[in-house]
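Since the structure comes first, as structure tokens, the remarks are kept for the end.
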Number of protein chains: 2
Amino acid sequence: MGQGEGARAAAIPVLAEVFRERGYEGASLALLGARTGLGKGSLYHAFPGGKAEMAEAVLAAIEAWFETRIYAPLREEADPRAAITRMLSETDTYFLSGGRACLVGAVALTGGRDRFAARIAGYFAAWRDALAAALRRSGHGPEAAADLAEEAIAAIQGGLVLARALDEPAAFGRTLERVRFRLIPSP
Amino acid sequence: MGQGEGARAAAIPVLAEVFRERGYEGASLALLGARTGLGKGSLYHAFPGGKAEMAEAVLAAIEAWFETRIYAPLREEADPRAAITRMLSETDTYFLSGGRACLVGAVALTGGRDRFAARIAGYFAAWRDALAAALRRSGHGPEAAADLAEEAIAAIQGGLVLARALDEPAAFGRTLERVRFRLIPSP
DNA sequence: CGGCATCTGTACCGATCGGTACAAACGCCT
DNA sequence: AGGCGTTTGTACCGATCGGTACAGATGCCG
């Protein structure tokens, strides 16, 4: 199994981009094959479970990325305010300053919801809880922290929807700025 | 043309529900026919343009509903605070307290975006501008009003995404409560 | 009742869907 | 070189996709 694992790993970001652009139902095997440069044979060799396994792998990779780059720092970094600032800049980078939609949110709103409900809920719950933990460590009470965290996650998602709907990526940057102000009112 | 217009009008809310649940690509003609109780013949007689015209009609109906129930009062009602309060309760009702996703947002994130870009952008821009007008009339400066309006619309959209993703409709109610507090800080 | 336009169920179209089968090509070992 | 497991392109599968054609049902007029 030489190239196998490598091909799978290399394919996942490309698959993610296609699912992001077209949704679960809209991403056809023909398109997924063309974009990854893999024929059906290779695709099904790397993902024996077919399209569902591809989407599953993509969601898992996204969750892992957020876990190491955002959730873990929020939970563990010494300075919670620095962790929150980092969360905002990582988020801005990840979503290409509003030019890229949130795949998890898109799947949550449309067809794939039932199929991937657990993973979708986990993604948002983990984000919310990690942010709440950071807010608690920065001095907020448990309820205020949970409320602020939920507001921030919702605002970020809404900012992505709005940026995409208005075709105005800058709306996402403004949203992140407002979130920063709500979460770190100080300086 | 006796039943024709009536059938079309009666079908639109049902079509809307199907598009909402499955997205544009996920809503098949077979399903649309079954749910409306109309055969392909009737469906194509009422909507000669096929699925695209059905989606177009649904989006137009949604826009009209928001225009009369929400945007117009925001723009014209004597008491802007009352109009904002009304906006929030109408929004809560329309989205079934978080149990119903935003079709326009869902289409914006997935496949139908390119096809319906203008209508989607118009929907959100009209909402944002009407809300900004109400905020201006209630004493905010032009920039603050525009900023608050954008934040509120994004928050509402994000609240819908979150409620659906977490399968926790109550998250939408909490979002609306926060929006109310941001928009009408007084009592 | 006859005539006519509006509606609608059904059969069918080519294209594409996700998925499978399988033989040839390939890489790696001794 | 020879052998063997992995990888991959291609042909093919039944199902379903959006859309069309059209004959018959239906309702409304004189």
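Computed from heavy atoms alone, side chains included, the values below leave out hydrogens, waters and symmetry copies. Everything numeric here is computed off the predicted structure, so don't read it as measured data. Convention: sequence-line order gives letters A, B, ...; per-chain numbering from 1.
- For A:H45 and D:dT7, the shortest distance from a side-chain N or O to OP1 or OP2 is below 4.0 Å.
- Residues that satisfy the ring-ring contact (aromatic ring centres under 6.0 Å, His included) test with B:F116, not counting sequence neighbours, are B:Y24.
- With respect to B:R22 and A:E25, no salt bridge is recorded, no charged nitrogen being found less than 4.0 Å from a carboxylate O.
- A donor-acceptor contact shorter than 3.5 Å links the side chain of A:R8 to the backbone of A:A46.
- Note on A:R174 versus B:E151: no salt bridge recorded, every NZ/NE/NH1/NH2 to OD/OE distance being 4.0 Å or above.
- No donor-acceptor pair closer than 3.5 Å links the side chain of B:Y94 to the backbone N or O of B:R100.
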Please list, for nucleotides 17-21 of chain D, all pairs of protein and nucleotide N/O atoms separated by less than 3.5 Å.
| residue | atom | partner | partner atom | Å |
| --- | --- | --- | --- | --- |
| D:dC17 | OP1 | B:S28 | OG | 3.3 |
| D:dG18 | OP1 | B:A27 | O | 3.3 |
| D:dG18 | OP1 | B:K51 | NZ | 2.7 |
| D:dG18 | OP2 | B:L29 | N | 2.7 |
| D:dG19 | OP2 | B:Y44 | OH | 2.7 |
| D:dG19 | OP2 | B:K51 | N | 3.1 |
| D:dG19 | O5' | B:Y44 | OH | 3.2 |
| D:dG19 | N7 | B:K40 | NZ | 3.0 |
| D:dG19 | O6 | B:K40 | NZ | 2.0 |

